[in-house]
Protein chains: 2
Amino acid sequence: MVTYSISEVAKELNLTVYALRYYDKEGLMPFVERTPSGTRLFKESDIEALKIIQCLKSTGMPIKDIKGFIEWCSEGDATLKQRYDMFLERKAAVEAQLEELNRTMDLIRHKCSYYKTALDAGTEDIHKVNKIGSF
Amino acid sequence: MVTYSISEVAKELNLTVYALRYYDKEGLMPFVERTPSGTRLFKESDIEALKIIQCLKSTGMPIKDIKGFIEWCSEGDATLKQRYDMFLERKAAVEAQLEELNRTMDLIRHKCSYYKTALDAGTEDIHKVNKIGSF
DNA sequence: ACTTGACCTAGAGTTAACTAGAGGGCTTAT
DNA sequence: ATAAGCCCTCTAGTTAACTCTAGGTCAAGT
């Protein structure tokens with residue numbers, strides 16, 4: 001079976017070996033096996049699991065909660081409902097984040113055009129004065 | 001002129017008075033005036049500025065950088081280009097975040113349907129076994 | 001006059017998620 | 001057999017962004 005070293009995995013997933021070892025210490029990777037001398041050997045399936053972990057992290061889920069999910073995974077079918085509910089909740093969280101980020105984007109775009117206009121005019125006054133001064 | 005107390009502003013913007021004072025200490029609110037005895041008096045325009053600050057924060061911009069922007073604002077038209085460029089950069093950052101969040105959403109949705117199927121079947125094996133076992 | 005409640009500053013404490021350094025062990029090429 | 005390069009653990013340090021506490025001021029109501 002093909003395996004990967006910690007630094008290969010780090011490179012592949014774009015994170016540091018420190019971070020990977022930290023995740024392991026926090027209980028996010030109980031499935032990763034070791035050589036007799038203690039070196040971690042990552043399987044393809046471990047890398048897939050780490051991608052799920054990265055996904056959950058990017059929804060804003062704290063590592064402790066991700067650990068809980070990993071534990072559910074190793075408890076088998078008895079925890080299917082919890083895991084399903086967790087993903088539904090994550091989905092709602094991401095939807096909310098997307099909404100907020102879109103609102104943010106609107107404001108940013110508005111500011112871009114605000115400053116474009118001001119820059120073309122050479123002064124910000126164009127925005128302040130006109131309302132009163134145009135009459 | 002209508003003014004607001006720090007706790008009114010905190011409630012309005014959905015943050016704590018601690019956070020507001022922290023922002024002030026970090027130089028994000030040099031424009032907020034005080035009574036002779038030192039109490040902050042927030043104007044309507046201050047609240048608008050705080051909304052921009054919140055917007056920048058939600059793009060992932062650190063407070064130190066936001067402070068830099070606030071300083072540019074008080075330096076007048078000489079910094080128009082910097083401010084414009086900053087918003088363009090923020091726009092790119094948010095676009096990248098939206099892209100990642102959408103990728104995340106895809107995976108989450110996939111997991112939702114994965115667990116829905118498993119839950120209906122009563123076991124996760126439905127996903128593992130079928131590929132080999134269905135023949 | 002005095003109590004209440006909101007305000008203030010300074011500074012210490014908290015939390016999450018790393019990040020780094022010390023000290024040490026395999027494995028491989030010279 | 002020894003040096004290089006990667007691996008390990010343990011523990012301490014870092015950073016951002018708050019969060020809280022202590023000790024004090026001030027204005028309004030009773």
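Values reported hereafter were calculated over all heavy atoms of this structure, with side chains retained and with hydrogens, waters and symmetry mates removed. A note on names: the letters A, B, ... follow the listed sequences, proteins ahead of strands, and every chain is numbered from 1. Remember, it's a predicted structure, so these values are computed and weren't measured experimentally.
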Query - N/O (side chain, B:K25) to phosphate O (OP1/OP2, D:dT19) under 4.0 Å - result: no
Query raised in the report: So B:F69 and A:Y115, would you call those rings parallel, tilted or perpendicular, with 30° and 60° as cut-offs?
Result: perpendicular
Query raised in the report: Separation of A:Y23 atom OH from C:dA16 atom P, in whole Å?
Result: 14 Å
Query raised in the report: Within less than 4.0 Å of OP1 or OP2 of D:dT9, is there a side-chain N or O belonging to A:R21?
Result: no
Requested in this report: In whole angstrom, give the distance that lies between atom CG of A:L28 and atom P of C:dA17.
Outcome: 10 Å
**Report entry** Neighbour count >12 (heavy atoms, 6.0 Å) for atom CD, A:E33
**Finding:** no
**Report entry** N/O donor-acceptor pair under 3.5 Å between B:E124 side chain and A:L80 backbone
**Finding:** no
Query - N or O in side chain of B:T39 less than 4.0 angstrom from C:dA6 OP1/OP2 - result: no
Query raised in the report: When you check the phosphate oxygens OP1 and OP2 of C:dC26, does a side-chain N or O of A:T35 lie under 4.0 Å from one of them?
Result: no
**Report entry** Whole-Å distance separating the CG atom of B:D65 from the C1' atom of D:dT15
**Finding:** 14 Å
Requested in this report: Among D:dC6, D:dA16, D:dA17, find the nucleotide with the atom closest to the side chain of B:Y22.
Outcome: D:dA17
Requested in this report: Verify the cluster assignment for A:M61 and A:L13: are they in a single hydrophobic cluster under the rule of side-chain heavy atoms below 4.5 Å apart?
Outcome: yes
Query raised in the report: For D:dC18, does OP1 or OP2 lie under 4.0 Å from any side-chain N or O of B:K57?
Result: yes
**Report entry** Length of the line joining A:L13:CG and C:dC18:P, which is rounded to integer Å
**Finding:** 13 Å
Query raised in the report: Under a 4.0 Å N-O cut-off, is there an ion pair linking B:E26 with B:K67?
Result: no
Report summary line: On DNA chain D, more 5' by nearest nucleotide between B:Y18 and B:G60 is B:G60
Query raised in the report: Separation of B:L56 atom CG from D:dA17 atom P, in whole Å?
Result: 13 Å
Report task. Send over the distance from A:D24 CG to D:dC10 P, rounded to a whole Å. Result -> 11 Å
Query raised in the report: Are B:E8 and B:K11 within salt-bridge range, i.e. N to O under 4.0 Å?
Result: no
Query - Between C:dT19 (C1') and A:L15 (CG): distance, integer Å - result: 13 Å
Query raised in the report: Going through the distances and angles, do A:R21 and A:D24 end up as a salt bridge (Lys or Arg N to Asp or Glu O under 4.0 Å)?
Result: CA-CA 5 Å; A:R21 288 203 269 252; A:D24 198 4; over 6 Å; no
Query - Nearest-Å distance for atom pair CG/C1', residues B:L20 and C:dA6 - result: 15 Å
**Report entry** First encountered from the 5' end of DNA chain C, between A:T16 and A:S37
**Finding:** A:T16
Query - Divergence of helical axes at both termini of the helix from C:dA1-D:dT30 to C:dT30-D:dA1 - five pairs an end, 10° steps - result: 10°
Query raised in the report: Counting only side-chain N and O atoms of A:R40, is one of them less than 4.0 Å from OP1 or OP2 of D:dC8?
Result: yes
